[in-house]
Amino acid sequence: MDNNVSKELILWYMIYKRDLPWRNSHDPYHIWVSEIILQQTRVAQGLSYYIRFIETFPSIKNLAEAPQEQILKLWQGLGYYSRARNMHTAAKQIEELFGGQFPKTYKELLLLKGVGDYTAAAVASLAFNEPVAVVDGNVIRVIARLFGIEEAVDKPSTLKDIKTLANELLNKEKPALHNQAMMEFGALHCVPVNPDCHSCVLNSKCLALKNKLVSKIPSKSLKLKIRNRHFYYLAINSSGKIFFQRRGAGDIWEGLYEFPLVETEEPIAPEDLPEMISEKTNFKASAIRIIDISNPVKHILTHQKLYVTFIYLKADKIESAPPHWIVTETSRIFDHAVPRVIDRYLHSPSFIKANQNMY
DNA sequence: AAGCCGGGGAA
DNA sequence: TTCCCAGGCTT
């Protein structure tokens with residue numbers, strides 16, 4: 001294969017690479033943590049999480065022994081929370097199946113929960129210099145353009161071809177350096193929109209550039225459907241306590257906490273909210289009154305659009321409440337891992353004001 | 001093979 | 001608005 005590509009990329013990388021904390025380590029634990037955090041996540045967004053994660057859990061043992069709640073709280077706001085739950089599972093796998101020793105090969109790494117083809121290749125090559133090519137979104141773009149691949153890259157058959165090409169291109173003597181160079185090049189130079197092909201070190205070899213297809217490659221076929229959902233959260237305060245509940249499996253935000261929720265297909269008119277509260281919720285209390293109703297907040301997820309309304313209620317004495325409601329002191333609301341949209345509400349003037357007016 | 005899982009930043 | 005990010009799991 002044309003090994004000059006690897007050499008050009010490595011030369012480029014030596015000049016332009018970013019100084020990132022996980023690059024100063026060969027510890028597979030550090031590399032693994034960074035790779036999980038950076039799945040579908042930009043470096044700028046994940047960086048502070050990485051620092052805090054390593055500070056809080058310096059070793060795989062610390063992570064394995066931590067309660068899941070603590071891990072989720074640390075992960076709060078980063079999204080794709082299954083990553084945090086799977087990391088916990090994987091840490092315990094390493095303690096129990098691998099005797100606390102981090103797996104060293106691509107094949108063994110694949111056994112870990114939450115570690116797929118990309119992450120196994122990344123840890124194996126970056127930490128142990130195993131000659132296996134990483135293929136992430138950056139690499140897909142670079143290779144698809146370099147080889148002028150017009151087929152949709154989200155087709156499994158196309159992805160398979162790209163992985164083959166990536167491994168043929170791989171510098172077998174310096175897999176760690178090569179893989180990082182390839183990804184960094186995609187992240188910084190061969191960017192999705194308007195890449196600077198004029199100054200590109202590969203511009204003489206790039207088929208997409210030659211065929212004027214740079215803006216068309218990589219192409220994708222899949223379109224996703226967006227579902228609209230309307231959430232009505234009840235912040236029920238009764239003598240300094242407030243209710244939470246924990247979200248279960250099969251929906252967004254598994255394992256995170258939220259206020260008692262009423263969800264509807266269609267929006268509810270503000271004047272119908274009091275009736276909705278008494279009809280759709282299963283709690284009884286004396287002197288229930290509505291203190292504040294927020295405007296609907298639009299919260300965008302990958303597959304869903306949420307319209308979230310917060311209703312702050314005060315009740316004198318709770319007579320009965322559903323068993324899965326969790327009583328929390330208002331002073332301890334920040335102990336729970338909550339979705340971003342709820343965290344924002346907890347810090348909003350309207351919530352703080354309603355909370356203060358209790359006393 | 002297709003659907004689902006968050007949140008944010010760039011253009 | 002649209003795209004997509006150091007992807008992986010479930011069905």
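Predicted model, so just to flag it, every value in this text is computed and none were measured.
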Exercise. Would F102(A) and Y29(A) count as a ring pair (Phe, Tyr, Trp, His ring centres under 6.0 Å) if you check the C-alpha gap in whole Å, the side-chain angles of each, and the deciding distance to 0.1 Å?
Worked result: CA-CA 7 Å; F102(A) 216 99; Y29(A) 174 64; 7.0 Å; no

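The gap from the C1' atom of dG3(B) to that of dA6(C) amounts to 23 Å, rounded to the nearest Å. Taking atom C1' in both dG7(B) and dT10(C), the straight-line distance is 22 Å, to the nearest Å.
Judged by distance alone, the side chains of R83(A) and Q39(A) never bring a donor and an acceptor atom under 3.5 Å apart. Side-chain atoms of R141(A) and N138(A) form a donor-acceptor pair, as typed in the model, at a separation below 3.5 Å.
Once you apply a 4.0 Å limit to the heavy atoms of chain A, the touched nucleotides of DNA chain C run 5' to 3' over dC4(C) to dT10(C).
In this structure, I333(A) is a member of the same hydrophobic cluster as W75(A), with clusters built from ILVMFWY side-chain heavy atoms closer than 4.5 Å.
Within 4.0 Å (heavy atoms only), W22(A) reaches at least one base atom of the nucleic acid. Across all strands shown, R141(A) has heavy atoms under 4.0 Å from sugar-phosphate atoms exclusively, and none from any base.
Here salt bridge (Lys or Arg N to Asp or Glu O under 4.0 Å) pairs that include residues 91-109 of chain A, with residues two or more places apart or in two chains, number zero. Applying the ring-ring contact (aromatic ring centres under 6.0 Å, His included) test to every pair with at least one member in residues 164-185 of chain A, sequence neighbours left out, gives these pairs: W12(A)-F185(A), F185(A)-H189(A). Screening residues 288-297 of chain A for salt bridge (Lys or Arg N to Asp or Glu O under 4.0 Å) gives R289(A)-D316(A) as the qualifying pairs, with residues at least two apart or on separate chains. Applying the side-chain hydrogen bond (donor to acceptor under 3.5 Å, both in side chains) rule to pairs touching residues 293-311 of chain A yields R229(A)-Q304(A), sequence neighbours excluded.
With sequence neighbours left out, the ring pair (Phe, Tyr, Trp, His ring centres under 6.0 Å) criterion links F128(A) to no other residue. Not counting sequence neighbours, Y80(A) has no partner by the ring pair (Phe, Tyr, Trp, His ring centres under 6.0 Å) test. In this structure Y118(A) satisfies the ring pair (Phe, Tyr, Trp, His ring centres under 6.0 Å) test with no other residue, sequence neighbours excluded. Every residue meeting the ring pair (Phe, Tyr, Trp, His ring centres under 6.0 Å) condition with F243(A), not counting sequence neighbours, appears here in chain and number order: W325(A).
Taking a 4.0 Å limit (strictly below) on heavy-atom distances, residues 108-132 of chain A reaches DNA chain C at K113(A), G114(A), V115(A), G116(A), D117(A), Y118(A), T119(A). For the segment residues 177-184 of chain A, the set of residues with a heavy atom within less than 4.0 Å of an atom of DNA chain C comprises M183(A), E184(A), in numerical order.
Using a cut-off of 4.0 Å between Lys/Arg side-chain N and Asp/Glu carboxylate O, E150(A) and K216(A) are scored as not salt-bridged.
The 5' end of DNA chain C is approached more closely, in terms of each residue's nearest nucleotide, by P218(A) than by the other of G137(A) and P218(A).
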For this session: Quick one, give me the B/S/- string for nucleotides 4-11 of chain B, reading 5' to 3', where B means a protein heavy atom under 4.0 Å from the base and S means that only happens at the primed atoms, P, OP1 or OP2.
Result: BBBBBB--

